[in-house]
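Since the structure comes first, as structure tokens, the remarks are kept for the end.
Ligands are counted one by one from 1 in listed order, and the atoms in each one are counted from 1 as well. Keep in mind that what you see is a predicted model, and the values were worked out from it rather than measured. No hydrogens, no waters, no symmetry mates; every other heavy atom, side chains included, goes into these values.
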Amino acid sequence: MAKEIKTIGVLTSGGDAPGMNAAVRAVVRTAISKGLKVKGIMRGYSGILNNEIIDMDARSVSNIISRGGTILFTARCEEFKQPEYQDKAVEICKSHGIDGLVVIGGDGSFRGAKDLAAKGINTIGVPGTIDLDIACTDYTIGFDTAVNTAVEAIDRIRDTSMSHEKVSIIEVMGRHAGYIALWSGIANGAEDILLPEKHNYDPDKLVKHIVENRRQGKKLHIIVNAEGIGHSEEMAKRIEEETGISTRVSILGHIQRGGSPTATDRVHASVMGAFAVDLLCEGKSNRVVAYKDGKYVDFDIEEALAMQKDLPEYVYQVSRYLTI
Ligand code: ADP
Ligand code: F6P
């Protein structure tokens, strides 16, 4: 018989993502609705080690569903990768009566969650990252907002790029993954979308494409470049030298991580947060919440971390057809 959970801890870890607050709110209110106590852990895993743990009630999460960032703050905590710090974290969780933990973050955070689960704290991961780079799930909290922010920014760049008949390179986030680049590139009708998964940055081809497009009457050329490819400034220099067309770089950066979450992010975050509490109440641990083929499901964390995610090939092909 699984031990009944009485107190749930919740933390956000890794890069923040719009919608994390909605997930925290869902964890807190679902747990309280089920008669459990909730403890908020500040600053991710470092908050456990530093004993930054607060009591939360339904009012602690009032008016946060529409807010970007995370009210619990977030952090990257290198020392937490070491077993002795994880042992200390388990002790501190136990001293607060925390017998179930919800970790909202990306795959790095899930590795920490797996270690805590192995050491006896029932732990569930909720995918929160703008990068959409978690293989077991079709959706991660924050992606939709980040893409919409990038799309709005690129629309603005398109206006000025068009007026001056320039080439514009827009570098978007995503770490090693190209999802933000692919989605925002399609949504903005970018002429080129450069993706780490496709290794498709070929300077000679890019220059040829720009020249060919000009010949065919295109007035501007938008290149959405994924952070995983990078080197946007070098790219611009080479394009200018070889085509004589003025080329500008905009690196969107952290603007993509902030802002009020879209309805899609708020709803997924709310359901995923509640689902995580349900799993803990069923006695489950070492699981990650996922949205797969239109359903909310859960996977073993280790299995989830071992899965490979491929960019949808057909979507990529469509992006190629549409740039003529
Ligand atoms: P994300 O969760 O967004 O992928 P990181 O990769 O930076 O972000 O991971 C967030 C935190 O998770 C790290 O700072 C660390 O505290 C913890 N973490 C990452 N990798 C591991 C690991 N291999 N073992 C234990 N904890 C880890
Ligand atoms: O994982 C989210 C993310 O924004 C990535 O897209 C990016 O590579 C990274 O975090 C940036 O992290 P930091 O803000 O710590 O530089």
Side-chain angles (χ1 to χ4, degrees), residues 10-20 23 41-50 52 68-70 72-90 92-93 101-119 121 123-137 140-147 149-150 153 170-184 195-197 224-232 251-259 265 286 288-289 301-302 304-307 309:
V10 56
L11 63 82
T12 50
S13 167
D16 66 329
M20 276 185 165
I41 298 162
M42 314 302 280
R43 299 178 180 83
Y45 294 120
S46 52
I48 307 183
L49 297 176
N50 297 328
E52 293 181 276
T70 158
L72 294 178
F73 300 95
T74 182
R76 294 193 164 104
C77 175
E78 266 310 300
E79 60 195 11
F80 190 76
K81 294 179 183 171
Q82 297 165 36
E84 57 271 32
Y85 285 96
Q86 296 165 2
D87 291 338
K88 186 177 166 201
V90 170
I92 294 173
C93 281
L101 180 66
V102 179
V103 171
I104 305 165
D107 53 3
S109 304
F110 292 168
R111 285 179 217 285
K114 172 177 70 75
D115 293 337
L116 284 178
K119 290 174 188 283
I121 303 287
T123 307
I124 305 289
V126 170
T129 167
I130 64 167
D131 301 336
L132 195 69
D133 59 349
I134 298 177
C136 68
T137 181
T140 62
I141 296 164
F143 174 71
D144 190 60
T145 307
V147 168
T149 303
I170 298 110
E171 188 174 308
V172 297
M173 276 188 166
R175 204 181 296 226
H176 307 299
Y179 294 95
I180 298 177
L182 180 60
W183 260 251
S184 59
L195 304 165
E197 294 88 342
V224 174
N225 184 29
E227 168 186 25
I229 295 225
H231 304 288
S232 296
I251 298 179
L252 297 188
H254 286 96
I255 195 170
Q256 296 156 97
R257 284 233 301 258
D265 273 327
N286 201 36
V288 52
V289 175
I301 295 186
E302 215 149 332
L305 288 170
M307 290 178 191
K309 189 165 192 166

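Counting heavy atoms only, Asp131 comes closest to atom 1 (O) of ligand 2 of the residues Asp131, Thr74, Ile180.
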Pairs under 3.5 angstrom, nitrogen or oxygen on both sides, ligand 1 versus protein: list them out, please.
unit_1   : atom_1 : unit_2 : atom_2 : d
ligand 1 : 2 (O)  : Gly106 : N      : 2.9
ligand 1 : 2 (O)  : Gly106 : O      : 3.4
ligand 1 : 2 (O)  : Ser109 : N      : 2.9
ligand 1 : 2 (O)  : Ser109 : OG     : 2.5
ligand 1 : 4 (O)  : Asp107 : N      : 3.4
ligand 1 : 4 (O)  : Asp107 : OD1    : 3.3
ligand 1 : 4 (O)  : Gly108 : N      : 3.0
ligand 1 : 7 (O)  : Arg76  : NE     : 2.7
ligand 1 : 12 (O) : Gly108 : O      : 3.4
ligand 1 : 14 (O) : Cys77  : N      : 2.6
ligand 1 : 16 (O) : Cys77  : N      : 3.4
ligand 1 : 16 (O) : Cys77  : O      : 2.7
ligand 1 : 18 (N) : Gly108 : O      : 3.2
ligand 1 : 20 (N) : Gly108 : O      : 3.4
ligand 1 : 24 (N) : Asp115 : OD2    : 3.3

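With hydrogens and angles disregarded, no donor-acceptor distance shorter than 3.5 Å links the side chain of Gln256 to the backbone of Val147. When atom types are taken as modelled, the side chain of Glu302 and the backbone of Lys114 share no donor-acceptor pair closer than 3.5 angstrom. Between the side chain of Ser46 and the backbone N or O of Cys77, no donor-acceptor pair lies under 3.5 Å. Not one N or O on the side chain of Glu79 forms a donor-acceptor pair closer than 3.5 Å with the backbone of Tyr85.
Close approach of ligand 2 to Gly174 (heavy-atom distance below 4.0 Å) involves ligand atoms 6 (O). Atoms of ligand 2 found under 4.0 Å from any heavy atom of His254 (numbered from 1 in listed order, with element): 13 (P), 14 (O). Of all the atoms in ligand 2, the ones that sit under 4.0 Å from a non-hydrogen atom of Arg257 are 3 (C), 4 (O), 9 (C), 10 (O), 11 (C), 12 (O), 13 (P), 14 (O). Here is the list of ligand 2 atoms found below 4.0 Å of a heavy atom in Arg175: 1 (O), 5 (C), 6 (O), 8 (O), 10 (O).
Nearest protein neighbour of atom 13 (P) of ligand 2, counting heavy atoms only, is Arg76 NH1, 3.7 Å.
Closest of all the heavy-atom pairs between Asn225 and Ser232 is ND2-OG, 3.0 Å.
With a 4.5 Å cut-off on side-chain heavy atoms, Lys119 and Pro83 count as touching.
Taking the charged nitrogens against the carboxylate oxygens, Asp133 and Lys309 have no contact shorter than 4.0 Å, which rules out a salt bridge.
Between Tyr179 and Phe143, the angle of the ring planes goes over 60°, which puts this pair in the perpendicular group of the 30/60° scheme.
By the 6.0 Å contact criterion, CD on Gln82 is enclosed, its count of non-hydrogen atoms from other residues, nucleotides or ligands being greater than 12.
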